[in-house]
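Naming: A, B, ... by sequence-line order, numbering from 1 per chain.
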Amino acid sequence: MTCEDDKVVLTDFQAKKLTALEQIRSRKFLAAFQSIRDLVVMAEEEEEEETYFRTSRKVDQALQRFTSEAFVAPYEGAAARRRIMLGMDAVALQLSSNLAPPYDTVPKRVYLNALRALTVMNEMQQSAGYGGNATTSLGADSTYSPFRILQRLVTGVGIRRKEAGSCTAYSNESIQEKDFNMVLNSFSNMGRMDMAHKIVALQERTENAPPLSPVGYSILVKGYGRRGDLRNVDMIVAHAKANGIVPDRIMLNSLIDAYVNCNAMDKAKTLFDCMAKGGSSSHRGTLKWVRNPDSGEVPRPNQRTYNTILKGLAKSGSLKEVLSMSQKMEMKRLWDDVTTNTLVHAAVLNGNFDLAEAVLDRHTSSANARANRGRRRNEHPNVEAYTELLDGYSKASQLNNALQVMQTMKDRGVEPNEFTYTCLIAAFARHGQVDKAKKTIRYMTTTGGLKPTAVTYNAFISALLSLPEGQQDERDDDQCSRAVLPAPTDDQVDEAIGIFYDMMRSGIRPNDVTLATLIIALGRCRPAPRIEEAKELVGKLEKNGIVSYKNNHKVVTALVQSCGLSGDINGALDWFRMLKRPDLVAVNAFLDACCRCGYEDVAMKTFRHFFGPGDGGSSAILQPSVISFSILIRALLKKDTVPASEDAQILYIEMKDAQKLFPDQAMVDLVLKTVIRTGKLQKKDVPLVASIVRDAKELEWRPGQLERRRRAIKAVLSSRSRLLSVWNDEDDDILLREIKSEDTLLKRKGWNKVDSGFRLWGGGKMDIQVEGENDRPVDEFLESKGWNDMESGFRIF
DNA sequence: TTAGGGTTAG
């Protein structure tokens with residue numbers, strides 16, 4: 001190579017580099033990346049050593065310039081995603097290049113920037129509802145990238161040493177714990193506990209990596225708590241204890257919240273008690289762990305602690321408990337906007353709209369920007385409560401009151417947001433006012449300056465598919481529990497599909513929930529299922545790359561269920577087989593499909609395959625749920641034979657003894673409905689019914705559930721049976737009246753154990769006939785069964 | 001770095 005040639009090459013190179021820098025400046029990232037790729041090749045081909053080194057350094061400068069721009073905020077949106085992934089491509093390019101060392105490695109700072117960009121981006125996309133369509137040009141999954149970067153950071157592979165050419169060993173000591181925690185937190189927020197676990201494992205087995213601190217444990221506990229995974233929450237706590245972790249207030253708050261999310265209020269209350277009472281708490285064991293061994297102090301509860309426990313009480317306890325706790329908070333001056341929102345939540349959950357209105361009357365914040373720091377821009381701190389109240393009215397078929405909430409918001413200067421509009425749109429749709437729902441979408445976009453989301457349309461569609469007001473009573477008695485929503489009509493389904501196309505036309509990508517909703521609707525619609533249309537729809541969307549159903553559990557499960565509903569067992573089987581690792585919901589859907597199509601034997605085999613032999617051993621692939629048992633028990637009872645009823649009973653016992661599961665409302669409804677036909681309860685079914693209703697005695701019934709239960713009872717009553725269980729909820733007028741009249745009756749009969757869990761109710765005559773036992777006095781019958789009538793919670797008269 | 005509050009959902 002002559003001196004002349006050399007000059008030309010350098011000039012070319014410089015020109016290219018200038019182009020690249022200009023492209024970066026004008027944010028043409030793809031073009032810039034391509035230019036840099038050319039630069040890399042040019043440098044690699046350089047033969048003269050010093051020039052090779054010099055050009056390599058210049059390429060590195062360009063690369064660093066590129067990545068520092070690529071990994072900068074904002075991290076939201078498709079363009080940001082492309083930019084960040086190009087940044088990752090640039091990192092990969094440099095690592096795989098033959099640039100002169102150390103320029104074939106990447107400075108630590110770049111990795112750290114990438115880490116931040118990737119984690120924030122992944123979390124945002126998760127919440128934006130991107131499906132599994134995320135792949136990069138290198139085929140790398142953006143979910144794994146943060147993990148791989150951390151791996152590099154701890155091993156030093158591909159990381160530039162401080163001084164060029166230095167031979168000193170890479171030291172990972174300067175990797176901050178917060179770098180790990182940032183990634184851990186993002187996986188935890190995404191619900192990817194598998195990945196979170198990988199991070200922890202990496203941290204634990206790497207020398208010099210920072211050990212898990214209360215911060216890391218807080219993050220893990222949060223993640224498992226959100227998934228309702230009590231077992232792993234407990235496991236993390238045990239791990240922390242074993243490692244001598246002294247929990248701080250945040251960790252305890254996280255733990256209380258996790259317990260609340262896992263419906264483990266007893267544990268949440270214990271912890272709260274320790275924090276509130278400190279040394280005087282009676283929970284010695286917990287106290288021992290929670291207390292700081294040096295100072296002897298126990299972290300004191302703060303506003304968040306109280307709000308968290310309040311949320312738990314709202315979820316599981318009575319309104320009374322919530323009210324007394326909120327009064328305590330007010331006295332301690334710990335009341336804030338979250339308290340207001342939580343109290344409204346509790347009130348709405350209990351159907352006590354007056355209370356919700358009263359709380360908002362008194363506690364609505366005067367909107368000020370300072371209160372909103374860290375939240376969405378200038379949003380009123382109580383929109384959430386108003387939104388929930390609106391939604392509550394709408395779901396309780398009180399459209400006018402729902403609309404009145406919009407007016408109240410306006411009067412009080414509470415600006416509706418996309419959540420509020422979503423609920424309003426669903427409210428219109430639920431009441432058959434489709435045009436107004438559509439208008440609201442337009443209104444929120446234009447006047448409100450808000451964008452409807454996939455959830456907006458999903459809410460619209462599913463509200464449409466639920467029966468409009470006025471037709472509620474026409475449901476057949478199949479539809480007594482939430483587990484069985486009313487079957488939509490052809491017209492409703494057509495309307496829903498129309499909205500679905502509106503959605504796509506306005507450029508909003510349907511997600512798996514959208515698709516699953518439509519699939520189920522098509523599978524169940526009246527007068528005949530339209531399963532073929534469902535399959536076509538899925539195929540079309542897949543072909544056009546709009547939604548990918550492959551490996552999408554929700555969509556495939558919906559197809560399994562839909563096939564089952566329309567008697568297509570082969571279809572159900574085909575779709576079910578597509579799932580490499582079916583989850584509980586999928587297995588339940590398949591069990592249901594088998595049973596509906598008359599393949600109880602296949603169902604039973606499937607049940608054993610996934611849930612094990614029922615000995616409580618650990619050979620099971622999955623843990624069954626009450627639903628799994630409900631499906632099989634119903635199928636068995638439907639067979640209406642003595643051996644099948646016995647099998648049902650055995651399954652029920654297995655559910656309680658081996659699986660420690662107890663019946664829920666749906667199961668009670670289902671069994672009652674299946675077993676009580678033509679007013680007769682057959683002898684073979686008595687033991688099962690008796691134990692189920694007795695076990696269900698502790699169930700908590702909320703107004704919505706009470707309503708369903710009331711319908712179930714109505715169904716039972718209308719089938720000439722008299723069957724009633726005892727309610728503790730004094731809020732429900734109708735049931736109260738029924739119980740009162742029942743109590744009168746019991747008094748007249750001289751029976752005063754009204755607290756027993758279960759009564760059969762009839763105007764003094766025996767309405768439930770126990771086949772073959774009609775003539776025998778009840779007490780004799782019970783005695784013959786070895787039942788103590790009241791203690792067994794079962795009385796026949 | 002980490003903790004509490006609203007919409008759809010098999």
Side-chain angles (χ1 to χ4, degrees), chain A residues 116 119 129 176-186 188-189 210 213-223 225 248-258 260-261 299 301-312 314 336-346 348 375 379 381-392 394-395 416-427 452-463 465 483 510-517 519-520 523 552-562 583-586 588-589 592 627:
Chain A
R116 169 158 303 277
T119 48
Q176 309 269 323
E177 193 198 340
K178 68 175 183 189
D179 299 327
F180 277 94
N181 288 340
M182 178 173 68
V183 181
L184 196 63
N185 192 41
S186 113
S188 187
N189 287 340
S213 72
V215 177
Y217 282 105
S218 301
I219 295 169
L220 288 169
V221 152
K222 170 182 70 174
D248 58 9
R249 178 154 68 190
I250 295 182
M251 184 172 164
L252 293 182
N253 283 350
S254 308
L255 193 51
I256 291 178
D257 190 50
V260 164
N261 290 333
N302 62 3
Q303 208 161 36
R304 288 199 183 201
T305 322
Y306 274 91
N307 278 328
T308 309
I309 207 80
L310 194 72
K311 174 178 77 164
D336 69 358
D337 295 318
V338 177
T339 318
T340 306
N341 293 347
T342 308
L343 197 54
V344 170
H345 169 74
V348 171
R375 283 180 49 102
E379 199 169 66
N382 297 122
V383 230
E384 292 158 35
Y386 283 92
T387 302
E388 197 166 8
L389 179 58
L390 189 156
D391 198 47
S394 150
K395 283 174 179 158
N417 60 19
E418 46 279 69
F419 287 75
T420 323
Y421 282 113
T422 296
C423 295
L424 182 62
I425 288 159
T453 64
V455 179
T456 310
Y457 277 95
N458 292 348
F460 191 172
I461 289 170
S462 74
L465 290 167
N511 61 20
D512 46 4
V513 175
T514 327
L515 204 46
T517 307
I519 291 167
I520 302 284
N552 188 317
H553 273 227
K554 247 183 215 156
V555 174
V556 176
T557 305
L559 283 159
V560 172
Q561 200 190 341
S562 215
D583 64 1
L584 176 61
V585 184
N588 285 347
D592 191 53
I627 298 172

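In this view, A:Lys554 satisfies the salt bridge (Lys or Arg N to Asp or Glu O under 4.0 Å) rule with no residue, not counting sequence neighbours. A:Tyr217 pairs by the ring-ring contact (aromatic ring centres under 6.0 Å, His included) definition with A:His239, not counting sequence neighbours.
In this structure, A:Ile520 reaches the sugar-phosphate backbone alone: every heavy-atom distance under 4.0 Å involves primed, P, OP1 or OP2 atoms, never a base. Looking at heavy-atom distances under 4.0 Å, A:Lys311 makes contact with sugar-phosphate atoms alone, never a base. Counting non-hydrogen atoms under 4.0 angstrom, A:Asp583 reaches a base of the nucleic acid. At a threshold of 4.0 angstrom between heavy atoms, the contacts of A:Ser254 are confined to the sugar-phosphate backbone, with no base atom among them. Contacts of A:Asn302 with the nucleic acid, taken as non-hydrogen atoms under 4.0 Å apart, include base atoms.
Relative to the side chain of A:Lys395, the nucleotides B:dA3, B:dG6, B:dT8 differ in distance, and B:dT8 lies closest. Checking B:dG6, B:dT2, B:dA3 against every side-chain atom of A:Thr387, the shortest atom distance belongs to B:dG6. Side chain of A:Glu384, nearest nucleotide from B:dG5, B:dT8, B:dA3: B:dG5. Of the candidates B:dA3, B:dG6, B:dT7, the closest approach to any side-chain atom of A:Asp257 belongs to B:dA3. The side chain of A:Ser218 sits closest to B:dT2 out of B:dT8, B:dT2, B:dT7. The side chain of A:Phe419 approaches B:dG6 more closely than any other nucleotide in the set B:dA3, B:dT2, B:dG6.
In this structure, the CG atom of A:Leu390 is 16 Å from the P atom of B:dG6, given to the nearest Å. At whole-Å resolution of the value, NZ in A:Lys554 and C1' in B:dT8 are 9 Å apart. Protein atom CG of A:Asp512 is 8 Å distant from nucleotide atom C1' of B:dA9, rounded to whole Å. Atom C1' of nucleotide B:dT1 and atom CG of A:Asn181 are separated by 6 Å, given to the nearest angstrom. The interatomic distance linking A:Leu389 (CG) with B:dT7 (C1') rounds to 14 Å, in whole Å. Rounded to an integer number of Å, the gap from A:Ile519 CD1 to B:dA9 P is 15 Å. Spacing between atom CG of A:Leu184 and atom P of B:dT2 amounts to 12 Å, rounded to whole angstrom units. Rounded to whole Å, atom P of B:dA9 lies 18 Å from atom CG of A:Asn588.
Remark: the A:Ser213 side chain and the A:Glu177 side chain contain an N/O donor-acceptor pair separated by less than 3.5 Å. Defined by atom type and a distance below 3.5 Å, a donor-acceptor pair is present between the side-chain atoms of A:Asn302 and A:Thr305. A donor-acceptor contact closer than 3.5 angstrom links the side chains of A:Thr514 and A:Asn511.
Remark: the backbone N or O of A:Leu390 is not paired with any side-chain donor or acceptor of A:Ser394 at under 3.5 angstrom.
Side-chain to base pairing of A:Asn417 with B:dG6: one donor and one acceptor N or O lie within less than 3.5 Å of each other. In the interface, the side chain of A:Asn511 is not paired with the base of B:dA9 through any donor and acceptor atom under 3.5 Å apart.
Using a 4.0 Å cut-off, some side-chain N or O of A:Lys222 falls inside it from OP1 or OP2 of B:dA3. Remark: A:Thr422 is not in phosphate contact with B:dT8, judged by side-chain N or O atoms under 4.0 Å from OP1 or OP2.
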